Amino acid sequence: MGDVPGSRGRPGTILAKPRPMIPGAALILLCQLLGEALVHGTGWPLPGPVVGMVLLLLLLLGNDLLADPVDTRFVTGPADGLLMNLTLLFVPAGVGVVNRMDVLAAHWFALAASLVVSTLLGLVVTALVFVAVARLTKRHAAGETEA
Amino acid sequence: MSDPDFSLWVYLSRTPLLWLTVTLLSYLAADRVSALLRRHPVANPMLIAVVITAAVLYATGTPYRTYFEGAQFVHFLIGPATVALAVPLYRNRHTVLRSLLPMLAALLAGSFTAMLSALLIARALGVSGSVLASLAPKSVTTGIAMGIAEGLGGDAALAAVLVLITGAIGAVLVTPVMNAMGMKDMRARGFAAGLAAHGLGTARAFTVNPVAGTFAGIAMALNALVSALLAPVLLRALL
């Protein structure tokens, strides 16, 4: 892709173009690590990665308050990369279905009914309460997009 | 067993490389199928990828444990991806701050409704004990749901499967249900998707609209907190 003629002979130039991703990946892992450490150290009933998310958010907000001393694209790039492929990350756990076929077969109707109805109810109640409270607080103009 | 082809297979089938490659290729194929069907909600890429991968495992007689040794590298990234949700949250911080109250109300109402209705229906239809405990965290993102289920005396692997089925159901249902309700607020649509169907609902929301995706990510993270606190209480009340 876009090879400059003669660049092949010089080491380093071929790999120089893409934005480095290791610093961003390291910061994301560091936040998760601190999150896990905090959760296990304090016994909070919170998931480590969620605490890590809060930590990363606080770092980004802090940078914003200080008038952006750091160009955050080093971390937003790898983060977007992960989120763009969120579906892929669930495939290995999903394949685990092959291991639990016996339980699913024994209770298939009860589990199917429970999951379908509760998911439907969850979707409807969540969206309705959101819209109702947004209307009550009279600030629902922002973020509303015609679909 | 001196067949050279067979010994090559025996070698490769035990390396993480083969199953990691199979996972990525299945996902790419599934994503193509989903794109060809113009991202129709029923053509969920995760479901298609799971069917392809499971078929390969079945055809080759490969145990899940062997498969997971390769696939774990992908599975591991669920944690970092949860941390990465801070980025869309930060980008949309002004929109998010304006919707704080609706979010908190919807979070509590939705989380309670989804979990209680799931447990009540399953119990009424004869499900009990560890299967019921594995069902409680079904709307929570996989890694966290497994931890919650274990804490309740459930089966972590079964919890993961129920979570994934819930995610697939939610990702398939959310667009038609919201359209049928005439729901036009992308914040509410996304928030409902992330709350009821965790990462898969969030992935679906991001394919529909970036604001919806952001609110889905927030709902997913907040619901993990609320469910971790709510599940033991509800389950004890029902047992």
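So that the names make sense, note that chain A is the first sequence line, chain B the second, and so on, each numbered from 1. The model shown is predicted, which means the values in this text are computed figures rather than measured ones.
- Closest approach of Leu60(A) to Ala86(B), counting heavy atoms only: CD1-O, 4.0 Å.
- Separating the CZ atom in Phe130(A) from the CZ atom in Arg187(B) is a distance of 4.5 Å, to the nearest 0.5 Å.
- Tyr64(B) meets the ring-ring contact (aromatic ring centres under 6.0 Å, His included) test with Tyr67(B), Phe68(B); sequence neighbours excluded.
- Between atom CG of residue Leu89(B) and atom CG of residue Leu61(A) there is a gap of 8.0 Å, rounded to the nearest 0.5 Å.
- Separating the CG atom in Leu164(B) from the CZ atom in Phe90(A) is a distance of 7.5 Å, to the nearest 0.5 Å.
- Proximity to chain A (any heavy atom under 4.5 Å) is shown, for Ala122(B), by both the backbone and the side chain.
- Here the shortest heavy-atom pairing between Leu88(A) and Val74(B) reads O-CG1, 3.6 Å.
- When all heavy atoms are compared, the tightest approach of Leu89(A) to Ala81(B) is CD1-CB, 3.6 Å.
- Exactly one of Leu59(A), Leu57(A), Leu58(A), Val75(A) qualifies for a side-chain contact (heavy atoms from CB on, under 4.5 Å) with Tyr90(B). That residue is Leu57(A).
- Across Pro49(A) and Val83(B), no two heavy atoms sit closer than the pair O-CG2, 3.6 Å.
- Across all non-hydrogen atoms, the minimal contact from Ala188(B) to Ala127(A) is CB-O, 4.0 Å.
- Listed options Leu83(A), Val98(A), Leu128(A), Val97(A) were ranked by heavy-atom pairs under 4.5 angstrom with chain B; first place goes to Leu83(A).
- Pairing each heavy atom of Gly110(B) with each of Thr126(A), the nearest pair is CA-OG1, 3.3 Å.
- Asp185(B) has no carboxylate O lying under 4.0 Å from a charged side-chain N of Arg135(A), or vice versa, which leaves the two without a salt bridge.
- In this structure, no portion of Arg65(B) lies under 4.5 Å from any heavy atom of chain A.
- In this structure, the side chains of Val95(A) and His75(B) stay at 4.5 Å or more apart for every pair of heavy atoms.
- For a residue to count as touching a neighbouring chain, one of its non-hydrogen atoms must lie under 4.5 Å from one of that chain's; by this rule Leu135(B) touches chain A with the side chain only.
- Residues Leu104(A) and Leu162(B) meet the side-chain proximity criterion, which asks for heavy atoms closer than 4.5 Å.
- Of the residues considered (Ala193(B), Pro80(B), Ala49(B)), Pro80(B) shows the highest number of contacts with chain A, using heavy-atom pairs under 4.5 Å.
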